[in-house]
Amino acid sequence: MYELIKTEHAARRGRFHTVHGTIETPAFMNVATAAAIKGGLSAFDLKDIKCQVMLCNTYHLHLRPGDEVVRDMGGLHKFTRWDGPILTDSGGFQVFSLASLRKIKEEGVTFNSHIDGRRIFMGPEESMQIQANLGSTIAMAFDECVKNPAEHAYAQQSCARTVRWLQRCKTELGRLKDEGLAVNPDQLLFGINQGSCFDDLRVAHMKEIADLDLDGYSIGGLAVGEPTEEMYRVIEVVEPHMPQNKIRYLMGVGTPGNILESIARGVDLFDCVMPARNARHGHFNTWQGIINIRNAKYERDESPISQECDCPVCRNFTRSYLRHLFKADEILGMRLGVMHNLYFYNTLLEKARAALDEGRFESFRMQYSALLDSRI
RNA sequence: GGGAGUGUUCCCGAGCGGUCAAAGGGGGCAGACUGUAAAUCUGUUGCCGUACGGCUACGGUGGUUCGAACCCACCCGCUCCCA
């Protein structure tokens, strides 16, 4: 259940209550695609980096180890030892990103496994069955993330199908819960807005799915190559049609600046692979902008990654040491980098919440939006 | 003592008369990454100049040739084999 506490213009400060705990929003979800944060963080580490929600992926876990294995092991919470909220993505994005050899039909999508190449079929029912087996706190609807740029006619027909798929997701998850087949009997379902960059499709689609009275609503299909300004415009167009009393999730976004700008436009929830991936590649967030720890200038730098950061990494290690770990290909470098970047993101959202609480989010946004995305 | 090899740009290593500032790795330097097929991918790496180009380079010194990293002679250094 979403509780709206306070607003500042379009920006919202809220709480999302779930059986696995309350999420203070706006919030950032830490991506653990295959039930592990890449770079070597476990559920125990997540406590140290202020993580509120973990995100796992239906498609990946279906392939490996298999959702039935996870179910038999007691669900994702027991499996990973993370007891907080978990959101599972539906596999819709993989249909989009694993572009080769896919076939989209009314029933669902057939595509090839990226692991062994075998044909996989996934439709709304399959996605719900898998997510019910995983036992996540929140299941995402099975959608099609249309590639960018898209033809209006194609996006329109895709939207119509995504609505039908959403209805089927709702029906199927209801059935699974009613029949006691869901590991988490309180599993929630979020719908996903699509419509590419076409305002009319975005609005019409949002209105249609809002009627289904789901537990939350996402904006999908953004940050897939369109200009950032275009992304912001689409959010502004859709936002007025999103239910006020439901949580809003912008899927796959983004940079610190993207997040602050999207909060200002009414978004509550985010997830992105960037902080972890950038960290694995030696790009670290600081309160002055982004640094590439591999750069020669850090060879003898005694300062922490970010001066104002109090994460376990910044409290203990120098840039010089981190640079060495990266140059020497020590996995510790990645682990520490990922810890820092995720702590940074979780702290960024924490600061944003504090700013909202105190009615100074606008100045907070102005101070950091461009700065944090800049490169040093 | 006799014989057979070998010496290339930061390193390893290709090259066997012109199209060679020299393949390919590694290393170095820098860049990309937005619901993760991603510990991945890209660029660059003799000096000077924006560029045309110029200069210095393939152990050393001479030589053959219009032209040499490549051919010849000697010298130096390594490696291996036989005594």
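Because the structure is a prediction, the values reported are computed rather than measured. Labels below follow one simple rule: chain letters A, B, ... track the order of the sequence lines, proteins then strands, and each chain is numbered from 1.
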From B/G35, B/U34, B/G28, nucleotide with atom closest to A/Val253 side chain: B/U34
Selection: residues 21-30 of chain A, any non-hydrogen atom under 4.0 Å of RNA chain B: none
Qualifying ring pair (Phe, Tyr, Trp, His ring centres under 6.0 Å) pairs, either residue in residues 218-238 of chain A, two or more places apart: none
Ring pair (Phe, Tyr, Trp, His ring centres under 6.0 Å): pairs with one or both residues in residues 157-186 of chain A, sequence neighbours excluded: A/Phe142-A/Trp165
Between B/G2 and B/U19 - C1' atom distance, rounded Å: 44 Å
side-chain hydrogen bond (donor to acceptor under 3.5 Å, both in side chains) partners of A/Glu236, counting only residues at least two apart: A/Arg265
Pairs where residues 249-295 of chain A contributes a residue and the test ring pair (Phe, Tyr, Trp, His ring centres under 6.0 Å) is met, not counting sequence neighbours: A/Phe284-A/Phe326, A/Trp287-A/Phe344, A/Trp287-A/Tyr368
Pairs where residues 355-365 of chain A contributes a residue and the test side chain to side chain donor-acceptor pair (under 3.5 Å) is met, not counting sequence neighbours: A/Arg13-A/Asp357, A/Glu261-A/Arg365, A/Glu358-A/Arg360, A/Glu362-A/Arg365
Donor-acceptor list for residues 176-183 of chain A side chains, cut-off 3.5 Å, not counting sequence neighbours:
| residue | atom | partner | partner atom | Å |
| --- | --- | --- | --- | --- |
| A/Lys177 | NZ | A/Gln187 | O | 2.6 |
| A/Glu179 | OE1 | A/Arg175 | NH1 | 3.0 |

Interface with RNA chain B, restricted to residues 213-245 of chain A and to heavy atoms under 4.0 Å: A/Gly221, A/Ala223
Integer-rounded Å distance: B/G31 P and A/Asn295 CG: 5 Å
Which protein N or O atoms sit under 3.5 Å from an N or O of nucleotides 40-43 of chain B?
none

Residues touching RNA chain B, which here means a heavy atom under 4.0 Å, drawn from residues 36-63 of chain A: A/Lys38, A/Asn57, A/His60
By salt bridge (charged side-chain N to carboxylate O under 4.0 Å, His left out) - contacts of A/Asp310 (at least two apart): none
Pair listing, side chain to side chain donor-acceptor pair (under 3.5 Å) test, anchored in residues 141-152 of chain A, at least two apart: A/Asp143-A/Gln194, A/Glu144-A/Tyr154, A/Glu144-A/Ser158, A/Glu144-A/Arg161, A/His152-A/Asp200
